[in-house]
Amino acid sequence: MSEGNLPRTEDAPQVGASSRPAPIKAIPVRHPWRWVAGIVLIILGAMLIHTLVFSTSQQPHQSGSRFQWNIVGSYIFSPLIMQGVVLTIELTIVSMIVGVSLGVLVAVMRLSKSRLISGSAWAYVWFFRGTPVLVQIYFWFYISALYPNLTLGIPFGPSFVSINMNAVLTAFWAGVLALSLNEGAYMSEIVRAGIISVDEGQGEAAHSLGMSKGKSLRLIVLPQAMRLIIPPTGNETISMLKTTSLVSAIGVGELTHWSLDIAAQNYRFIQMMIVASIWYLAMTTILSIGQYYLERHYARGSSRALPLTPFQQIKKNMRHYHLGPKKTESYDLPEVNHE
Amino acid sequence: MSDVTPMVKAEQVYKSFGALEVLKGIDLEVARGEVMCLIGASGSGKSTFLRLINHLEKLDAGRLSVDGELVGYREQSNKLYELKDKEICSQRAQIGMVFQRFNLFPHLSVRDNITIGPVKVKGQSVANARDRAAALLERVGLSEKIDAFPSQLSGGQQQRVAIARALAMDPKLMLFDEPTSALDPELVGEVLDVMRKLADEGMTMVVVTHEMGFAREVGDSLVFMDDGQIMEKGNPREILANPQNERLRSFLSKVL
Ligand SMILES: Nc1ncnc2c1ncn2[C@@H]1O[C@H](COP(=O)(O)OP(=O)(O)OP(=O)(O)O)[C@@H](O)[C@H]1O
Ligand SMILES: [Mg+2]
């Protein structure tokens, strides 16, 4: 055995550099297929850039690039498009809030000991997961024709309030209703998986402190389930943002609706769809970043050290660069109050 | 008069899980200030009995009372009424429980683990609860860990926090379910020390344990359970020195 293989301990005197073997110099393994794949991708990328930017229009009465980016540019911040963006955000936020709340409620019902309660929750999920959202959207939009006046009261008995459905269930709210009922079904499965993943001992410890089922769920189980619930909920939010485009079918003035509407007048369908895509991409990108930080926050307690955020990583690298690697940085999380 | 009421009184307690009968007529009394150690082979029903005292499980037959109050039921004109969820919670709030696997709340700091019970269940003010938490942590020798999270603590430290968390509710009875079995041998002592101090201060304790040294030195009484029944009970020093029951002898030969 050579000296270099001996374990080094702190108190053993460090042997001089002479005994240290020279750093390994070996010929690396070649990866020819990586090169081939790389070249193919570069060519494809160049073709894409060429056709997007440089290829010229082949239509006789048009000049400039085939994609006519100037048209995209002139519509991207136009008032109707902006109005559509705002409504898309509103639809997403409202539908997600209602959907997540419904999801938690249905998940808890699903875990109830009462067969009737857990059965109803199961039926809800079965129905809304088993029918297309677009069908549900049309359904809620046209339901007001079936119930022009919705009356609340005891079945077969007296009624208390009467609601004019045409006034209340506007296209916007029909859309929200459809989107959130559908979302609730998916979210309930996510929440349920999260709740089940929490160790049973947690609930028992909470009960042994005298916490009721509700408190134990709210203060102990759900916060821990969050770690599993948050990542798919982020995906659901991103997915919801895109799904809102379906309510253009019932004339809700969101992003896709106005993009189509403008295109129907100027016949620039591709350009208007590019406008819409840019906005959707911008919004989903922002959501993905938010999701990253949320996941990081809820990872607390499960691991001893959190990975640095990209921003912290940059800051750390800069500091290394300026000050040298003298100081080791520890990033403590801000204290979170639970009261 | 009230001092005569035992802290725990079990009369002919039966409990089954499906077809499996786990407790087959348990009779026992724990006096105020008594430290009772419960020993027995795995599966003999020790945890189940502790969980019945805290109403984490319902008993099938017999009576079980804590401090003169039936656990989980109210008796009125010879009829038993199930207690409401809220009443069960208030019974549990008076009984501290320490688990084999600590069951600290991993998403809360040590301080919040200790204050969450007093604040959210007893309605104590946050400031008071925090003062109390600091005092309790000092008592279990972990003052410097007040801001740590459970995952940053060793097993022994976690268990001491779990004891502090239970004590924060000012329980009149403490239940310990094998509090040191999940610990590395060198960490057992620190937890037993805290428990010994607690016993010296007069806390009523029921301790399921395999630590015969603790049972001998700290225990006021020892109960040997086997197959859902109590086989032997009495003074731990006498029983351990001179076990009468054959099963107990073979059990001790395995544990010691
Ligand atoms: N919730 C439950 N459902 C079904 N069976 C159970 C349940 N809890 C306990 N049992 C069974 O009851 C028996 C007694 O369990 P218990 O946990 O009381 O034993 P124990 O004496 O504490 O054993 P150990 O020393 O291993 O902790 C075991 O056979 C166990 O499998
Ligand atoms: Mg047990």
Side-chain angles (χ1 to χ4, degrees), chain A residues 108-109 111-114 117 191 194-231 294-307 330-339, chain B residues 47 50-51 53-57 84-109 111-122 124-127 129-130 147-153 162 165-171 174-175 177:
Chain A
V108 172
M109 284 171 66
L111 295 167
S112 163
K113 281 193 188 119
S114 151
I117 293 173
V191 174
I195 291 176
I196 290 173
S197 78
V198 177
D199 185 74
E200 257 183 299
Q202 291 292 310
E204 284 186 357
H207 289 318
S208 79
L209 289 176
M211 284 190 203
S212 60
K213 281 181 195 141
K215 270 184 196 159
S216 144
L217 187 74
R218 192 160 51 79
L219 301 170
I220 304 301
V221 177
L222 274 180
Q224 290 180 59
M226 281 304 169
R227 203 161 45 82
L228 261 97
I229 294 174
I230 288 289
L294 259 181
E295 279 178 28
R296 197 171 170 280
H297 174 81
Y298 279 103
R300 209 182 36 163
S302 65
S303 60
R304 293 190 176 202
L306 287 174
S330 74
Y331 290 90
D332 292 313
L333 284 165
E335 199 183 333
V336 180
N337 250 324
H338 296 278
E339 277 77 43
Chain B
S47 299
L50 278 200
R51 293 161 58 79
I53 298 177
N54 213 0
H55 209 261
L56 289 172
E57 304 281 359
K84 290 192 208 101
D85 210 27
K86 210 175 155 189
E87 296 165 309
I88 291 171
C89 286
S90 80
Q91 280 190 341
R92 283 196 190 122
Q94 300 170 39
I95 302 171
M97 186 146 187
V98 175
F99 302 85
Q100 182 174 354
R101 290 187 304 118
F102 330 132
N103 295 348
L104 289 181
F105 306 131
H107 61 302
L108 300 180
S109 68
R111 183 208 274 121
D112 292 342
N113 261 280
I114 299 174
T115 55
I116 195 165
V119 172
K120 298 293 181 183
V121 176
K122 294 174 93 178
Q124 238 175 57
S125 79
V126 174
R130 287 191 167 182
D147 289 316
F149 279 84
S151 62
Q152 297 166 326
L153 303 180
R165 174 177 72 180
L167 290 177
M169 296 296 288
D170 292 316
M174 285 284 285
L175 308 173
D177 192 357

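Just so it is clear: chains get the letters A, B, ... in the order the sequence lines come, proteins before strands, and each one is counted from 1.
- Counting heavy atoms from C-beta outward, A/Met211 and B/Arg92 have side chains that stay 4.5 Å or more apart.
- In this structure a side-chain-to-backbone donor-acceptor pair under 3.5 Å is missing from B/Gln94 to A/Gly210.
- In this structure, chain A has heavy atoms under 4.5 Å from both the backbone and the side chain of B/Phe105.
- For the atom pair CG (A/Leu209) and CE (B/Met97), the distance works out to 11.5 Å, reported to the nearest 0.5 Å.
- With respect to chain A, the highest number of heavy-atom pairs below 4.5 Å among B/Ile88, B/Ile95, B/Leu104 belongs to B/Leu104.
- B/Arg165 touches chain A through backbone and side chain together, each having a heavy atom under 4.5 Å away.
- Between the side chain of B/Asn103 and the backbone N or O of A/Ala205, no donor-acceptor pair lies under 3.5 Å.
- Side-chain contact check for A/Gln202 versus B/Pro106: some heavy-atom pair is nearer than 4.5 Å.
- In this structure, A/Lys215 NZ and B/Cys89 SG are separated by 8.0 Å, a value rounded to the nearest 0.5 Å.
- Options B/Val98, B/Leu56, B/Asp85, B/Val121 differ in how many heavy-atom pairs under 4.5 Å they form with chain A, and the most are formed by B/Val121.
- Residues B/Ile116 and A/Ile220 are in side-chain contact: their nearest non-hydrogen atoms beyond the backbone lie under 4.5 Å apart.
- To the nearest 0.5 Å, atom OG of residue A/Ser208 and atom NE2 of residue B/His55 are 14.5 Å apart.
- The environment of B/Arg101 atom CZ is sparse: at most 12 non-hydrogen atoms of other residues, nucleotides or ligands sit within 6.0 angstrom.
- To the nearest 0.5 Å, atoms OG (A/Ser212) and NZ (B/Lys120) are separated by 11.5 Å.
- For the atom pair CG (A/Leu222) and NE2 (B/His107), the distance works out to 9.5 Å, reported to the nearest 0.5 Å.
- Not a single donor-acceptor pair under 3.5 Å links the side chain of A/His207 to the backbone N or O of B/Asn54.
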